[in-house]
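Position 1 is the first residue of the sequence, and the numbers go up from there.
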Amino acid sequence: MSAPNFLKTSAGRSIAYHKTEGEGPGVVFLGGFKSDMQGTKAVYLEEWAKTNGRAFLRFDYSGHGESSGEFTEGAIGEWAADAMEAIAELTEGPQVLVGSSMGGWISLLVARNMPEKLAGLVGIAAAPDFTENGFWSGFTDAQKEELARDGQVALPSDYDDGPYIITEKLITEGRDQLVLRSPLSLPFPVRFLQGTADEDVSVATAVQLLEHAEGDDMRLTLVKGADHRFSTPECLNLISKTVEKVLARAKNV
């Protein structure tokens with residue numbers, strides 16, 4: 001596996017990335033919470049891009065994967081800033097963003113802050129506002145007291161060897177990044193993919209996002225039995241086919 005390149009951001013963070021040259025609009029993969037660019041979906045899409053001669057970018061947020069920083073020191077706004085700088089500095093022209101889980105939320109923040117860089121968007125189990133609607137709303141009174149007292153709380157994880165450490169910063173800073181509580185314009189082709197067996201992001205959340213966002217070309221596809229990973233061969237094939245459909249409908253293709 002080739003070594004990554006690194007982008008130094010204006011905040012001094014070092015962002016690891018792999019870039020594939022090809023035709024535009026390019027495709028940018030935005031990973032999930034505590035995941036990295038070596039994940040199944042990111043690597044699969046890179047191979048798809050190489051096969052199809054399509055420009056592609058995958059990267060690690062700060063505190064994730066091979067990028068600088070500690071995970072527990074980060075927050076949604078900082079990771080979104082990493083994504084926006086990577087997209088601004090490493091891609092040319094409008095891009096199709098593919099956001100998985102937290103990456104779905106971050107892709108919506110990118111769309112809100114730099115809409116000129118989006119040709120389309122594909123959300124995979126998109127998890128907008130999860131720090132508030134998922135973590136905070138699900139905390140017991142004892143966990144909220146622990147968070148206030150210790151600045152963090154540990155939650156069990158199905159995706160890691162150890163628990164998730166949820167910091168007070170992640171919760172409080174996340175409140176400045178919420179996208180379901182104010183208008184959300186997505187004036188380009190948008191496709192959301194959601195598994196019905198997803199135990200981390202509910203179908204209700206996917207429907208809420210679909211109903212809340214404003215756009216003329218937006219669809220939600222439910223996959224019966226698919227879980228949050230959305231990484232079976234069938235799901236991966238659906239992701240690439242969906243990206244192809246968005247590219248076909250995007251401007252400047």
Hey, is CD on Glu23 packed in by over 12 heavy atoms from elsewhere, all under 6.0 Å?
no
Taking the basic N atoms (NZ, or NE/NH1/NH2) and the acidic carboxylate oxygens, is any pair closer than 4.0 Å for Asp198 and Arg229?
no
Evaluate the side-chain proximity of Tyr164 to Lys34: yes if any heavy-atom separation is below 4.5 Å, no if none is.
yes
Before giving the answer on side-chain contact (heavy atoms from CB on, under 4.5 Å), spell out for Thr20 and Glu46 the whole-Å C-alpha distance, their side-chain angles and the decisive distance to 0.1 Å.
CA-CA 7 Å; Thr20 301; Glu46 182 179 75; 3.7 Å; yes
Check: Glu66 side chain, Pro4 main-chain N or O, donor-acceptor pair, under 3.5 Å:
no
Kindly give the heavy-atom pair with the smallest separation between Ser14 and Phe6, and that separation in Å.
OG-CD2, 3.4 Å
Looking only at atom types and distance, does a side-chain atom of Lys19 sit under 3.5 Å from a main-chain N or O of Leu90, one as donor and one as acceptor?
yes
Among Val243, Thr242, Asn237, side-chain contact (heavy atoms from CB on, under 4.5 Å) partner for Ser240:
Asn237
Lys/Arg N to Asp/Glu carboxylate O, Glu145 vs Arg149, below 4.0 Å
no
Students often mix this up, so state it plainly: with edges at 30° and 60°, are the rings of Phe135 and Phe139 parallel, tilted or perpendicular?
parallel
Would you say Arg191 and Asp217 make side-chain contact, with heavy atoms under 4.5 Å?
yes
Those residues at least two apart in sequence (or on a different chain) that pass ring-ring contact (aromatic ring centres under 6.0 Å, His included) with Phe56 are none
Taking every non-hydrogen atom, the tightest pair across Arg13 and Ala81
NH2-CB, 3.9 Å
Residue pair Tyr61 / Ser67, side-chain donor-acceptor N/O under 3.5 Å
no
Counting heavy atoms not belonging to Arg175, are there more than 12 under 6.0 Å from its CZ?
yes
What's the spacing between Asn5 CG and Ile15 CD1 if we round to 0.5 Å?
13.0 Å
Please output the side-chain donor-acceptor pairs of residues 208-216 that fall under 3.5 Å, not counting sequence neighbours, one pair per line with the distance.
from   : atom 1 : to     : atom 2 : distance (Å)
His212 : NE2    : Val179 : O      : 3.1
His212 : NE2    : Ser182 : O      : 2.7

Looking at side-chain heavy atoms only, is the closest gap between Ser137 and Glu132 below 4.5 Å?
no
Correct closest heavy-atom pair for Leu147 and Ile166 would be CD1-O, 3.5 Å
Would the distance check show the side chain of Arg54 and the main-chain N or O of Glu244 forming a donor-acceptor pair, the cut-off being under 3.5 Å?
no
Any donor-acceptor pair under 3.5 Å linking the side chain of Glu85 with the backbone of Asp82?
no
Can you give me the closest heavy-atom contact between Leu57 and Ala86, atom names plus distance?
CD2-O, 4.0 Å
Side-chain contact test, heavy atoms from C-beta onward, threshold under 4.5 Å: evaluate it for Ile106 versus Met102 and give yes or no.
yes
So, do Phe59 and Phe29 have ring centers that fall under 6.0 Å from each other?
no
Output yes when a side-chain donor or acceptor of Thr205 lies under 3.5 Å from a complementary backbone atom of Val201, and no otherwise.
no
Check the surroundings of atom CD in Glu70: do more than 12 heavy atoms from other residues, nucleotides or ligands lie under 6.0 Å from it?
no
Would you say Val98 and Leu45 make side-chain contact, with heavy atoms under 4.5 Å?
yes
Hey, any chance Leu220 and Phe188 share a hydrophobic cluster, counting ILVMFWY side chains that come within less than 4.5 Å of each other, even indirectly?
yes
Hydrogens and angles aside, do Gln152 and Thr72 bring a side-chain donor and acceptor to less than 3.5 Å of each other?
no
Could you check Val223 against Leu238 for side-chain contact (heavy atoms from CB on, under 4.5 Å), going step by step and ending with a plain yes or no?
CA-CA 10 Å; Val223 179; Leu238 177 60; 3.5 Å; yes
Ignoring hydrogens and angles, tell me if any N or O in the side chain of Thr172 forms a donor-acceptor pair with the backbone of Glu168 under 3.5 Å.
yes
Could you pull out the closest heavy-atom pair between Glu173 and Ala75, with the gap in Å?
OE1-CB, 3.3 Å
Taking Ala197's backbone N and O only, do any of them form a donor-acceptor pair with Asp227's side chain (distance below 3.5 Å, no angle check)?
no
Ile76 side chain near Phe130 side chain, heavy-atom distance below 4.5 Å:
yes
Kindly work out whether a path of hydrophobic side-chain contacts (I/L/V/M/F/W/Y, heavy atoms less than 4.5 Å apart) joins Val96 to Met37.
no
In short, Leu121 meets Val246 closest at the heavy-atom pair N-CG1, 4.1 Å
Under a 4.5 Å cut-off applied to non-hydrogen side-chain atoms, are Val110 and Leu118 in contact?
yes
Mind checking whether Leu170 and Ile165 sit in one hydrophobic cluster, side chains of I, L, V, M, F, W, Y counted as touching below 4.5 Å?
no
Going from CH2 on Trp136 to CD on Gln143, what distance comes out if it is rounded to the nearest 0.5 angstrom?
10.0 Å
Taking it one step at a time, do Val27 and Trp48 satisfy side-chain contact (heavy atoms from CB on, under 4.5 Å)?
CA-CA 10 Å; Val27 176; Trp48 166 87; 4.0 Å; yes
Angle between ring planes, Trp79 versus Phe33, binned at 30° and 60°: parallel, tilted or perpendicular?
perpendicular
Expected output: side-chain Asp36 to main-chain Asp60 donor-acceptor under 3.5 Å:
no
Does Lys169 come within less than 4.0 Å of Glu78, counting only side-chain N to carboxylate O?
yes
For Lys144, I'd like to know if atom NZ has over 12 heavy atoms of other residues, nucleotides or ligands within 6.0 Å.
yes
Not counting sequence neighbours, list each pair that qualifies as a side-chain hydrogen bond (donor to acceptor under 3.5 Å, both in side chains) and has a residue in residues 93-108.
Ser101-His228
Let me see the working for Cys235 and Thr232 under side-chain contact (heavy atoms from CB on, under 4.5 Å), right down to the final yes or no.
CA-CA 5 Å; Cys235 286; Thr232 65; 3.4 Å; yes
For the pair Asn113 (side chain) and Leu109 (backbone), establish whether a donor and an acceptor sit closer than 3.5 Å, ignoring hydrogens and angles.
yes
Is the shortest side-chain heavy-atom distance between Lys117 and Met84 below 4.5 Å?
no
